[in-house]
Amino acid sequence: MQLERRMVFQKIGDDGLDTIVNVRLTLEEKERLRDDADMAALSMSALIRARYFGRPVIANADLVMVKEVQRLGRLLKHLHNESAGVLGVESRDVLIEIRRYIKTLHEKNHA
């Protein structure tokens with residue numbers, strides 16, 4: 001009896017990724033897929049699996065943007081606290097908008 005040997009390329013949980021599916025695309029579709037995968041810092045295969053199986057795909061650019069917006073929010077909060085609230089309503093309103101924007105990005109990426 002001969003055993004079938006499959007090459008395992010990667011493991012996800014306990015399961016090895018040992019099967020290949022070929023898909024025909026136009027050149028433009030492949031380029032878009034590659035660009036999207038690069039934005040999410042994923043391989044094209046990982047991106048396709050994530051989208052097909054309904055897992056969230058967060059663009060790397062969005063993560064960088066969220067971190068930067070959070071950093072700016074912390075700086076603004078620090079200025080607000082150091083000024084003993086002199087910046088009061090204006091800084092509070094900006095902090096609320098920053099928080100709202102981060103929440104919107106998070107919801108967009110987990111929809």
Side-chain angles (χ1 to χ4, degrees):
M1 180 169 121
Q2 186 173 0
L3 296 175
E4 179 181 333
R5 294 183 59 171
R6 292 183 177 182
M7 179 180 255
V8 177
F9 295 97
Q10 179 183 358
K11 287 190 80 148
I12 294 183
D14 293 334
D15 299 325
L17 302 178
D18 59 3
T19 303
I20 297 172
V21 175
N22 293 313
V23 178
R24 292 202 176 275
L25 301 171
T26 65
L27 180 59
E28 291 82 18
E29 290 171 333
K30 183 178 179 183
E31 289 172 357
R32 181 174 168 198
L33 180 60
R34 182 176 291 130
D35 290 344
D36 288 353
D38 288 345
M39 287 279 288
L42 296 171
S43 67
M44 289 191 288
S45 295
L47 177 66
I48 291 167
R49 282 193 309 277
R51 287 193 174 159
Y52 182 81
F53 292 111
R55 290 179 284 227
V57 175
I58 301 171
N60 195 34
D62 285 349
L63 290 176
V64 170
M65 188 180 344
V66 166
K67 287 179 183 179
E68 180 62 13
V69 170
Q70 287 174 330
R71 185 186 73 80
L72 293 172
R74 286 191 300 274
L75 286 172
L76 181 59
K77 183 178 179 180
H78 175 74
L79 287 173
H80 174 79
N81 291 338
E82 288 296 310
S83 73
V86 170
L87 301 175
V89 174
E90 294 85 1
S91 61
R92 183 201 69 212
D93 291 346
V94 172
L95 287 168
I96 289 169
E97 286 303 314
I98 288 172
R99 200 172 291 134
R100 185 176 298 139
Y101 181 70
I102 291 170
K103 182 179 178 186
T104 300
L105 278 176
H106 179 73
E107 289 171 352
K108 178 187 96 171
N109 287 311
H110 288 88

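For this chain, numbers begin at 1 and follow the sequence in order.
- Applying the salt bridge (Lys or Arg N to Asp or Glu O under 4.0 Å) criterion to Arg34, with sequence neighbours excluded, gives no partner residue.
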Apply the test side-chain contact (heavy atoms from CB on, under 4.5 Å) to residues Arg100 and Glu97: give CA-CA distance (whole Å), side-chain angles for both, the deciding distance (0.1 Å), then the verdict.
CA-CA 5 Å; Arg100 185 176 298 139; Glu97 286 303 314; 2.4 Å; yes
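- Transitive grouping of hydrophobic side chains (ILVMFWY, heavy atoms separated by less than 4.5 Å) brings Tyr101 and Val94 into a common cluster.
- Tracing side-chain contacts under 4.5 Å through hydrophobic residues (I, L, V, M, F, W, Y), one reaches Leu47 starting from Val21; they form part of the same cluster.
- Separation of atoms CE (Met44) and CZ (Arg49) is listed at 12.0 Å; rounding is to 0.5 Å.
- If you take CZ on Arg71 and CD1 on Ile98, they are separated by 11.0 Å, rounding to the nearest 0.5 Å.
- Summarising the geometry of Lys30 relative to Leu25, their closest heavy-atom pair is CA-CD1, 4.1 Å, with the distance given to 0.1 Å.
- Taking all atoms of both residues into account, the shortest heavy-atom contact from Leu33 to Ile48 is CD2-CD1, 3.6 Å.
- Leu75 and Ile96 fall into different hydrophobic clusters, where Ile, Leu, Val, Met, Phe, Trp and Tyr are joined by side-chain heavy atoms under 4.5 Å apart, directly or via other members.
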